[in-house]
Structure formats: structure tokens, C-alpha cells
**Q** 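Mind having a look at this structure? Questions to follow.
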Amino acid sequence: MNIHPKSHDAYKLLHDGILALGRAEQQGIRVDMDYVTLKKEQLVRKIARFEEEFKKTTFYKHWVHSRGGKVNINSGSQLRHFLYDVKKIEPAKLTTTGEGSTDEEALDSLNIPELKFFSERSRFKKAMDVLEGFEREQVNNYVHPFFNLHTARTFRSSSDHPNFQNIPKRDEEIMQICRKALFPRPGHQLMEVDYSSLEVRIAACYHKDPTMLKYINNPASDMHADMAKQIFMLDKFDKSVHEVLRQAAKNGFVFPEFYGDYYKNCASNMACKWGELPQGTWKAGQGIKIGDIPLADHMISKGIRSLSMFENHLKKIEEDFWGNRFPDYADWKDRWWTVYKKYGYVDLLTGFRCSGVMSKNDVINYPVQGAAFHCLMWSFNEKDRLINKYGLNTRIVGQIHDAIVLDVDPKELNRVIRVIRRVTCEDLPKAWPWIIVPLDVAIELCPVDKSWAEKEKFVLE
DNA sequence: AAACCGGGCCAC
DNA sequence: AAACGTGGCCCGGTTT
């Protein structure tokens with residue numbers, strides 16, 4: 001892995017970047033330590049309650065008995081041994097080294113109700129870890145997350161102490177607990193600017209697939225809804241009614257396929273993890289409603305009567321996906337792999353070079369992931385330069401791969417939004433002509449003096 | 001006691 | 001060919 005020897009721009013991007021990121025690190029994000037102290041006390045009690053309930057179960061008592069009285073509730077290997085060696089349950093899922101898995105999904109499919117206390121405990125334990133991280137790293141009520149440009153194989157960034165790039169978001173309750181700790185400076189407001197579907201758009205700059213370019217250029221079109229229609233065999237697709245199916249198609253098929261997954265994994269994952277599909281058994285009456293009909297009945301009526309039939313169905317859809325829908329994208333993947341095998345490296349559109357031992361999936365993913373982040377980095381640098389040039393009180397405080405987080409002076413709000421839209425969506429494509437797709441950002445804003453949990457969509461009037 | 005590793009889980 | 005890409009952190013368990 002190295003930088004393309006001819007690319008001065010690539011050096012400059014990182015040199016400017018490390019300075020701009022350093023200023024964000026120095027700025028920091030305010031932590032409400034009174035809240036952290038109070039919330040930690042509540043969490044200690046909450047975690048203890050789940051633990052007590054769990055310890056009352058016969059499942060736990062058997063576990064303790066099997067070990068002669070000593071169980072560590074945090075020990076996955078002890079749980080694994082008890083489930084798969086002592087009780088001789090067939091693991092629903094294996095780890096990479098072939099052991100029985102004890103992750104939430106695996107435990108769920110064992111249908112052991114007592115384990116619910118265990119998984120609930122884990123959720124709040126996670127929140128506890130995040131708050132303890134903030135507490136440990138704060139100095140005078142500010143955390144200063146580090147942003148590294150020298151650690152990721154893809155030329156992305158990483159963050160640590162504390163990691164600003166993996167604070168819980170999707171589990172609403174856990175998100176609230178964690179993000180209620182983070183505040184702007186007094187009198188200011190936090191703002192997040194996200195590039196919309198950045199990796200998909202940057203991938204299109206490499207492969208230039210006409211169908212994908214059409215999807216990107218036409219905001220009324222919807223690739224994931226189209227795939228949901230095809231996968232679930234629906235003639236018409238009402239997005240508001242079928243949002244669950246759209247998400248299932250997006251997260252269970254389209255993105256995994258882009259990353260290099262294939263139909264077999266997609267089929268079994270979709271059947272149990274996404275879209276509330278029936279658990280592989282395809283029993284009539286199961287699943288969400290399509291009109292008045294449960295999804296399972298709908299699929300059965302279309303001739304998909306079992307998981308293996310669904311697998312075969314997805315196999316055909318995959319062939320159509322790469323063979324007919326995005327053939328130029330598929331060609332690009334093959335070409336890229338051929339180039340790597342011949343020369344031993346692939347070059348990013350941003351002047352960097354990935355070399356070393358890579359799989360085919362690596363070869364198609366690294367350049368996209370890296371170049372997408374570099375778009376963010378360029379915008380970050382330019383925004384930082386303008387804040388300094390104009391002498392604003394607003395500060396950039398962090399970055400999450402395709403998003404910038406700012407601590408905004410409300411008096412400067414309109415100006416900041418204007419500048420950031422111009423920099424991210426207009427100036428960047430002018431600076432980098434290889435960007436042949438429109439870029440778009442979504443802005444979220446917290447009220448003045450409110451925490452990061454209070455983010456709301458900001459709509460330009 | 002430190003170093004290392006696998007597994008799990010959070011983010012994009 | 002290969003079979004989901006990139007990170008960081010916590011934890012238990014083992015090796016050094």
C-alpha cells in the first residue's frame with residue numbers, strides 16, 4: 001500500500017487533512033459530565049436488574065451447575081461451551097474459526113426465552129461502555145477524538161480515544177443514552193452534514209454503468225424499491241407501505257452484492273434477519289402484510305414455497321442484476337481484478353495506489369471506499385480553510401467517513417449552510433473533474449444548547 | 001504482568 | 001476467483 005509516485009495532489013490532500021483534523025481534535029466536543037455520572041448510576045442499576053432476572057432462570061442455574069458454581073456472565077466462551085458442548089444444542093451459526101456462535105442472532109434462533117434478559121443486559125452494557133469512554137477521555141468537560149489518516153488499508157480515516165465514528169445511532173434508546181452526553185459549546189448548536197449515498201456515486205465514477213448513472217441522475221427513480229419489487233414479485237410498489245421490504249432489498253441484497261457477497265448468503269440472511277420474512281420455514285400466515293396477505297402466503301402464491309426455492313429465486317435475480325441491469329458495473333469488476341492480477345496494484349481516482357495481497361472483493365472495494373472518503377476530506381479541508389479565512393466562530397469538530405460534524409454559532413448558521421452546500425456539492429466536482437455524478441448532502445441540526453441526540457432534519461426553505 | 005487473539009458489536 | 005469491505009473497543013482466555 002503506497003501513494004502513487006506521481007501524485008502531488010494526493011500528498012497535499014493528506015497534508016492539509018492532517019492539519020484540519022488536528023484543529024478539530026483541538027476544538028473537541030463538550031461532554032455533560034453531570035449527565036454522564038447520573039446516567040451511569042442508572043445504568044449500573046438497570047444492568048444489575050437484568051442480571052438478577054437472568055440469574056433466576058433455570059437456564060442460568062443449569063449453567064452454574066455445569067461449571068461447579070463459577071460462571072462469568074461476560075464470557076462468550078463459557079456460554080458457548082454450555083450451549084453447544086454441555087446441552088449439545090446444534091449451533092444456528094458458526095464463527096469464522098468454526099466455533100458455535102453466541103452473537104445475538106445465533107442466540108435468538110435458539111428460541112431460549114431466558115436469554116432475553118442476557119441480550120437486554122448487553123444492550124445497556126454497550127451504552128455504559130460508551131459513556132465510560134467519554135468519561136475516561138474527557139479533559140475539562142471536552143472530549144478530543146483523534147482522527148487518523150495512516151491506519152486504514154483503503155486510505156480512509158479512523159478515529160480513537162474515543163472513537164467518534166461508532167457512537168450508537170440505530171437503536172433509538174441506546175442512541176439517546178449515548179448522544180445525550182455530547183453538546184456544542186455554550187450558546188452553539190451541533191450540525192451534521194452527510195453526503196447522500198456517496199459510495200454508490202463514487203463507484204459510478206469508476207464503472208460509469210449507464211443504468212446506475214440513470215438511477216443517480218434521476219431523483220425520482222429508486223434502485224432499492226425496484227429491487228424490492230423484483231425480489232418480492234410485486235407489480236406495483238408503494239414506498240410508504242413497503243418501506244420494510246425496500247430496506248430488506250437494500251441491506252439484504254443490493255449493498256451486500258456491491259461489497260461482493262452472493263445470493264446464498266443474501267437468501268439466508270434475508271429469510272431470518274431482514275424484512276421479517278418467515279424464518280426459513282415459509283409457513284403460511286407468517287411475515288408482514290402485503291395488503292391483507294402475509295408475506296409468506298404471498299411468496300407461496302408466487303411459487304416460492306421454501307428457503308431453497310427463495311435461494312434459487314435470488315440466484316436468478318443476481319444473474320439479472322449483474323448480467324442485465326448493471327452489466328458495465330460487472331465488467332468493471334472483472335477488468336479491475338484482471339489489472340490487479342497483472343500489475344499487483346490498483347489506482348484510486350484520487351491519486352493513491354493500493355497494492356499488496358488483496359482478494360477480488362478488496363480490489364473492487366478499496367478504491368471506492370478510499371475515493372469516497374477523499375471527497376469528504378477535500379470538503380472538510382476547504383470548509384476549514386474558509387472558516388479560518390472568514391474568522392468565523394463556527395468550528396468543525398469531527399468527521400464520520402461521509403459526514404462532517406460542526407459546532408455552529410447560531411449567528412453564522414445561514415452563512416455556514418450556504419458555504420457548506422457550495423463547497424460539498426459545487427466546488428468539489430469543479431476541483432475533481434473525474435466526479436461525473438451530482439453530489440448531494442443532507443443536513444441535520446440540533447437546537448441551540450441541545451445535545452447530539454436532538455438532531456433534526458434541516459430543510460432549506 | 002504484558003502481549004496477543006478471537007469473538008462480539010458499534011459505526012460507515 | 002471467491003463468497004460482505006473498512007475501522008475501534010470491550011471482554012475473557014491464553015501465551016510469553
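The structure presented is a predicted model; accordingly, all values stated were derived computationally and were not measured. To find a chain, count down the sequence lines: A is the first, B the second, and so on, and within it residues start at 1.
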**Q** So A:Gly76, base contact, sugar-phosphate only, or nothing? Heavy-atom distance under 4.0 Å.
**A**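 It contacts nothing in the nucleic acid.
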**Q** What would the secondary structure line of DNA chain C be in dot-bracket form, counting Watson-Crick and G-U wobble pairs under 3.5 Å, with [ ] for pairs that cross earlier ones and | for pairs with another strand?
**A** ....||||||||||||
**Q** Between atom NZ in A:Lys315 and atom P in C:dA3, what is the gap in whole Å?
**A**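 These atoms are roughly 18 Å apart.
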**Q** Would you say a side-chain N or O of A:Thr95 is under 4.0 Å from OP1 or OP2 of B:dG8?
**A**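 Looking at the OP1 and OP2 atoms of B:dG8, neither is under 4.0 Å from any side-chain N or O of A:Thr95.
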**Q** Under 4.0 Å between any heavy atoms, over every strand shown, what does A:Ser101 touch: base, sugar-phosphate, or nothing? Just pick one.
**A**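 Sugar-phosphate, no base atom in range.
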**Q** Quick one: label A:Lys341 by what it contacts on the DNA or RNA (base, sugar-phosphate, nothing), any heavy atom closer than 4.0 Å.
**A**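 Sugar-phosphate contact only.
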**Q** Once you apply a heavy-atom cut-off of 4.0 Å, does A:Asn365 come out as touching a base, just sugar-phosphate, or nothing?
**A**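 Sugar-phosphate contact only - A:Asn365 comes under 4.0 Å of backbone atoms but never of a base.
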**Q** Any side-chain N or O of A:Tyr366 under 4.0 Å from OP1/OP2 of C:dT6?
**A**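 Yes, such a contact exists.
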**Q** How long is the line joining CZ of A:Phe124 and C1' of C:dC10, in whole Å?
**A**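 Interatomic distance, CZ of A:Phe124 to C1' of C:dC10: 18 Å.
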**Q** Can a donor-acceptor pair under 3.5 Å be found between the side-chain atoms of A:Gln369 and the base atoms of C:dG5?
**A**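 Pair found.
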**Q** To the nearest Å, give me how far apart OH (A:Tyr262) and P (C:dG5) are.
**A**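 For the pair A:Tyr262 OH and C:dG5 P, the rounded distance is 13 Å.
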**Q** Does OP1 or OP2 of B:dG8 have a side-chain N or O of A:Lys125 closer than 4.0 Å?
**A**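 Answer is no, no contact under 4.0 Å.
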**Q** Does a donor on one side chain sit under 3.5 Å from an acceptor on the other, for A:Asp226 and A:Tyr215?
**A**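 There is such a pair between these side chains.
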**Q** Report yes if at least one side-chain N or O of A:Lys126 is closer than 4.0 Å to OP1 or OP2 of C:dC10; otherwise report no.
**A**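 It does not, given that no N or O in the side chain of A:Lys126 lies less than 4.0 Å from OP1 or OP2 of C:dC10.
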**Q** With a 4.5 Å heavy-atom cut-off, do A:Lys180 and A:Ile177 have their side chains touching?
**A**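 The answer is no; the side chains never approach within 4.5 Å.
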**Q** Looking only at atom types and distance, does a side-chain atom of A:Ser159 sit under 3.5 Å from a main-chain N or O of A:Phe146, one as donor and one as acceptor?
**A**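 Checked: pair present.
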**Q** Considering every strand and a 4.0 Å limit on heavy-atom distances, what is the contact class for A:Lys169: base, sugar-phosphate, or nothing?
**A**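 If one applies the 4.0 Å heavy-atom cut-off, A:Lys169 turns out to touch the sugar-phosphate alone, with no base involved.
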**Q** Taking atom types as modelled and ignoring hydrogens, do the side chains of A:Ser157 and A:Gln165 form a donor-acceptor contact shorter than 3.5 angstrom?
**A**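 Indeed, the side chains of A:Ser157 and A:Gln165 share at least one donor-acceptor pair under 3.5 Å.
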**Q** May I have the distance from A:Gln165 (atom CD) to B:dC12 (atom C1'), rounded to whole angstrom?
**A**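 Whole-Å distance recorded here is 8 Å.
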**Q** Kindly say if A:Asn72 contacts the phosphate of C:dG12, meaning a side-chain N or O under 4.0 Å from OP1 or OP2.
**A**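 True: A:Asn72 side-chain N/O within range (under 4.0 Å) of C:dG12 OP1/OP2.
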**Q** What's the CZ-P distance between A:Arg170 and B:dC10, to the nearest Å?
**A**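 Computing the A:Arg170:CZ to B:dC10:P distance gives 9 Å.
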**Q** Under 3.5 Å, is there a donor-acceptor pair between the A:Asp328 and A:His207 side chains?
**A**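 Their side chains do not contain a donor-acceptor pair, so the 3.5 Å distance test is not met.
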**Q** Touch check for A:Glu257, heavy atoms < 4.0 angstrom, all strands: base, sugar-phosphate only, or nothing?
**A**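 If one applies the 4.0 Å heavy-atom cut-off, A:Glu257 turns out to touch nothing in the nucleic acid.
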**Q** Does a nitrogen or oxygen in the side chain of A:Arg80 sit under 4.0 Å from OP1 or OP2 of B:dG8?
**A**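 For B:dG8, OP1 or OP2 has a side-chain N or O of A:Arg80 closer than 4.0 Å.
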**Q** Any side-chain N or O of A:Gln78 below 4.0 angstrom from OP1/OP2 of C:dG13?
**A**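 So the side chain of A:Gln78 is within the cut-off, an N or O lying under 4.0 Å from OP1 or OP2 of C:dG13.
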**Q** Pick the closest DNA chain C nucleotide for A:Asp334 and for A:Asn163 by heavy atoms, then say which residue is nearer the 5' end.
**A**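 Residue closer to the 5' terminus by nearest nucleotide: A:Asp334.
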**Q** Parallel under 30°, tilted from 30 to 60°, perpendicular over 60°: which one fits the rings of A:Phe124 and A:Phe50?
**A**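 A:Phe124 vs A:Phe50 ring planes: parallel.
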**Q** Quickly work out the A:Leu94 CG to B:dG6 C1' distance and round it to whole Å.
**A**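 For the pair A:Leu94 CG and B:dG6 C1', the rounded distance is 15 Å.
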**Q** Given the C1' atoms of C:dC4 and B:dC9, what is the spacing between them in whole Å?
**A**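 So the two C1' atoms sit 16 Å from each other.
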**Q** For the side chain of A:Glu137 and the backbone of A:Pro162, is there at least one donor-acceptor N/O pair under 3.5 Å apart?
**A**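 Not a single qualifying donor-acceptor pair exists.
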**Q** Would you say the side chains of A:Thr154 and A:Gln369 form a donor-acceptor pair under 3.5 Å?
**A**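 A pair is found: one side chain offers a donor N or O, the other an acceptor, under 3.5 Å apart.
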**Q** Using a 4.0 Å heavy-atom cut-off across all strands, classify A:Glu199 as base, sugar-phosphate, or nothing.
**A**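 No contact.
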**Q** How close or far is atom P of C:dG8 from atom CG of A:Asn148, stated in whole angstroms?
**A**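 About 7 Å, once rounded to whole Å.
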**Q** Cation-pi check, A:Arg353 to A:Tyr345: give yes when NZ or CZ is under 6.0 Å from the six-membered ring centre and within 45° of the ring axis, no otherwise.
**A**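 Cation-pi check for A:Arg353 and A:Tyr345: passes.
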**Q** Do A:Arg156 side-chain and B:dC12 base share a donor-acceptor contact under 3.5 Å?
**A**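 Indeed, a donor on one side and an acceptor on the other fall under 3.5 Å apart.
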**Q** Under 4.0 Å, counting only non-hydrogen atoms across every strand here, what does A:Ile167 touch: a base, just sugar-phosphate, or nothing?
**A**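 The residue A:Ile167 makes sugar-phosphate contact but no base contact.
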**Q** Using a heavy-atom cut-off of under 4.0 Å over every strand shown, decide if A:Ser359 touches base, sugar-phosphate, or nothing.
**A**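 No contact at all - A:Ser359 keeps every heavy atom at 4.0 Å or more from the nucleic acid.
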**Q** Checking all strands, does A:Thr151 fall into the base, sugar-phosphate, or nothing category for heavy-atom contacts under 4.0 angstrom?
**A**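 Result for A:Thr151 = sugar-phosphate.
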**Q** Counting only side-chain nitrogens and oxygens, does A:Asn74 get under 4.0 Å of the OP1 or OP2 atom of C:dG12?
**A**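 Yes, such a contact exists.
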**Q** Does a side-chain N or O of A:Ser75 approach OP1 or OP2 of C:dG13 to a distance below 4.0 Å, or not?
**A**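 For C:dG13, OP1 or OP2 has a side-chain N or O of A:Ser75 closer than 4.0 Å.
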**Q** Need one value for A:Arg136: base, sugar-phosphate or nothing, where a base atom within 4.0 Å counts as base even if backbone is also close, heavy atoms only.
**A**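 Since only primed, P, OP1 and OP2 atoms lie under 4.0 Å of A:Arg136, the category is sugar-phosphate.
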